[in-house]
Amino acid sequence: MNNNLIQYIYGIADNSLILGQRLGELCGHGPSIETDIALTNISLDLLGQTRSYFQYVAKLQGNGANEDTVAFLRLEREYKNVLLVEQPNTDFGYSITRQFLFDVFHLALLEELQKSKDEMLAAIAKKSIKEVLYHTRFSSDWIKRLGDGTEESHNRIQTAINDLWIFTDELFHQTDADKAMIAEGIGVDVTLLKINYYKKVSSILEEATLQTPSIEYFQKGGKQGVHSEHMGFILTELQYMQRTYPNMTW
Amino acid sequence: MSEKEVKSLEEIFEARIARDEKIEPKEWMPEKYRKTHIRQISQHAHSEVVGMLPEGNWITRAPSLRRKVALLAKIQDEGGHGLYLYSAAETLGISRDELIEQLHSGEAKYSSIFNYPAVTWADMGTVGWLVDGAAIMNQVALMGTSYGPYARAMVRICKEESFHQRQGYEILLTLCNGTPEQKEMAQDSINRWWWPSLMMFGPRDADSPNTEQSVKWKLKRKTNDELRQAFVDQTVPQANILGLTIPDSKLKWNEERKHYDFGDIDWNEFWQVVKGHGPCNKQRIDARVKAHKDGKWVRDAAMAFAEKQENKEVKLAI
Ligand SMILES: [Fe+2]
Ligand SMILES: [Fe+2]
């Protein structure tokens with residue numbers, strides 16, 4: 001069993017799982033039915049991608065593992081998503097900023113991952129790109145609308161960007177598993193994506209008449225399994241049924 | 001227009017409906033027809049949107065990824081139904097904002113079934129099976145209704161609702177083939193949802209006003225009691241396959257009538273919920289009002305942005 005490969009996949013798939021879960025909280029509570037449907041759609045895409053990754057992980061693990069044991073039955077420290085995706089839905093501005101800051105990264109990651117030597121990962125990436133392209137367009141458009149909309153929306157979205165900015169640097173950190181997978185031609189070297197990421201994000205912020213924050217200190221930890229205080233609550237809901245009724249089929 | 005002219009227009013109008021012609025938005029229609037349709041279509045739209053709440057409540061706790069994705073997709077469909085129906089209502093000369101205002105103020109109603117709490121995972125199965133099932137029973141008849149946009153909306157919506165019903169049934173089937181705890185969860189859920197589902201067909205025919213007019217306009221093609229009976233007849237064999245007991249000691253096949261006999265609905269409970277005092281009436285409306293209020297700055301921003309873009313285009317054109 002290739003543990004580095006499994007850890008590497010967690011680093012990608014857990015982002016989709018936790019962000020999909022966060023978006024799922026919003027279903028039925030959006031600012032309009034149209035945005036409600038669109039955010040649900042993004043959640044659906046991300047969870048669909050999660051399933052593909054975890055089916056692959058389950059195959060690598062063997063021993064009766066399946067996508068649900070992988071998704072639901074790990075300890076908090078074993079989830080490897082970045083801190084950004086676990087941040088709460090404080091308001092629509094935070095939700096869409098979280099989405100935007102993740103989407104731009106996600107798209108760049110998948111564009112490289114489709115060249116992976118691991119055929120399965122390359123195939124999942126290829127299939128997901130179309131979806132993530134749409135996510136990126138959706139969240140970028142909203143950043144522009146809210147940035148250049150009313151004074152209130154401008155201020156609110158700027159606040160969200162300032163607050164969530166500290167979580168962007170972690171997107172470009174590498175774990176030992178990442179390094180091992182890069183060496184094998186399977187993993188993506190995310191450090192190479194960093195310059196373009198900030199360029200793209202800044203140019204959209206500029207178009208939206210928003211300021212790119214100049215912050216020197218960033219937060220990290222999720223990639224090592226050290227999460228924010230939110231994570232335990234996310235997992236409490238996510239794992240509720242599987243923990244309460246172990247070993248059952250649903 | 002003189003009274004006599006209106007009278008003859010009305011006769012032509014009723015004759016068209018009798019010939020099964022569809023009435024389209026731009027065409028003349030009696031004011032009462034317009035009002036009745038706005039009320040019914042918007043009530044239906046509100047039901048779709050409020051109906052997203054009890055199921056939305058279970059997305060984060062769904063027991064498997066497959067179920068989570070299917071539930072999200074179902075609720076997304078319901079949102080789509082809501083949009084589609086609001087648009088149909090708007091063709092009658094009222095805005096979505098006005099309709100939403102009516103929902104929030106309590107002036108407009110929505111299906112009472114959504115005022116019951118969804119407290120276990122089995123409820124996601126039961127709601128699909130019974131609630132979507134009862135909705136289909138009502139709506140299939142409406143595919144032939146006289147107002148064109150409503151009839152067409154029904155055709156599209158019914159297709160998706162029957163998918164939801166199968167999906168719900170399949171959730172319960174899995175529980176009933178599972179552990180004793182799972183089966184008990186399913187039985188408990190049927191116990192709670194059975195009677196409210198029967199209430200979805202409305203008051204007894206004897207207590208239901210307006211029926212004659214609605215029948216003429218094909219808004220009602222079968223009476224409440226007929227639909228309720230058809231629902232019971234359809235559902236009991238399905239419950240038997242699941243191995244679940246329907247919580248009605250009077251339920252019995254009547255060989256003479258070729259229908260199931262069933263017990264009396266608790267009409268006190270029915271009216272309590274309809275009048276706004278069900279277990280979740282307040283939570284449901286509060287949740288809708290909160291979403292709308294919290295979203296105001298977002299909608300305002302989108303509008304302001306769109307206006308700015310339009311002005312830019314005009315400037316470029318000049
Ligand atoms: Fe629906
Ligand atoms: Fe439905």
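Protein chains get the first letters and strands the later ones, always in sequence-line order, with residue 1 at the start of each.
A/Leu17 touches chain B through its side chain: at least one heavy atom from C-beta onward sits under 4.5 Å away, while N, CA, C and O do not. With a 4.5 Å cut-off on non-hydrogen atoms, A/Glu237 touches chain B through its backbone and its side chain both. Residue B/Val49 touches chain A through its side chain alone, counting heavy-atom pairs closer than 4.5 Å. Contact of A/Asp148 with chain B is made through backbone and side chain together, with heavy-atom distances under 4.5 Å. Using a 4.5 Å cut-off between heavy atoms, A/Arg156 contacts chain B through its side chain alone, with no backbone atom that close. Within the 4.5 angstrom heavy-atom criterion, no atom of B/Ala306 approaches chain A. Interface remark: B/Met185 contributes side-chain atoms only to the contact with chain A (heavy atom separation under 4.5 Å).
In terms of non-hydrogen atom pairs under 4.5 Å with chain A, the most contact-rich of B/Ala301, B/Ala291, B/Gly295 is B/Ala301. Between chain B and the residues A/Glu25, A/Arg145, A/Glu67, the most heavy-atom pairs under 4.5 angstrom are made by A/Arg145. Your options are A/Asp141, A/Asp36, A/Asn41, and the one with the most heavy-atom pairs under 4.5 Å with chain B is A/Asn41. Interface check for chain B: of the options A/Thr40, A/Thr150, A/Leu47, A/Leu44, the most heavy-atom pairs under 4.5 Å are formed by A/Leu44. Your options are A/Leu146, A/Thr236, A/Asn66, and the one with the most heavy-atom pairs under 4.5 Å with chain B is A/Leu146. Of the listed residues (A/Gln242, A/Glu34, A/Glu152), the one with the most heavy-atom contacts under 4.5 Å to chain B is A/Glu34.
Counting heavy atoms of neighbouring residues, nucleotides and ligands inside a 6.0 Å radius, atom CD of B/Glu184 does not exceed 12 of them.
The stretch residues 64-98 of chain B places B/Ser64, B/Leu65, B/Arg66, B/Arg67, B/Lys68, B/Val69, B/Leu72, B/Ala73, B/Ile75, B/Gln76, B/Gly79, B/Gly80, B/Leu83, B/Tyr86, B/Arg96 near chain A, each with some heavy atom under 4.5 Å from a heavy atom of that chain. Using non-hydrogen atoms only and a strict 4.5 Å limit, the part of residues 159-175 of chain B facing chain A consists of B/Thr174, B/Leu175.
Between B/Trp297 and A/Phe92, some side-chain heavy-atom pair lies under the 4.5 Å cut-off. A 4.5 Å side-chain heavy-atom check between B/Trp58 and A/Met241 finds at least one atom pair inside the cut-off. In this structure, B/Gln182 and A/Tyr245 have side chains that are not in contact, with every pair of non-hydrogen atoms separated by 4.5 Å or more. A/Met248 is listed as a side-chain neighbour of B/Glu181, based on a closest heavy-atom distance under 4.5 Å.
Across B/Ala287 and A/His29, no two heavy atoms sit closer than the pair CB-CE1, 4.3 Å. The two residues A/Ser32 and B/Arg299 have their closest heavy-atom pair at CB-CD, 4.5 Å. In terms of heavy-atom proximity, A/Gly24 sits nearest to B/Thr60 at C-CG2, 4.4 Å.
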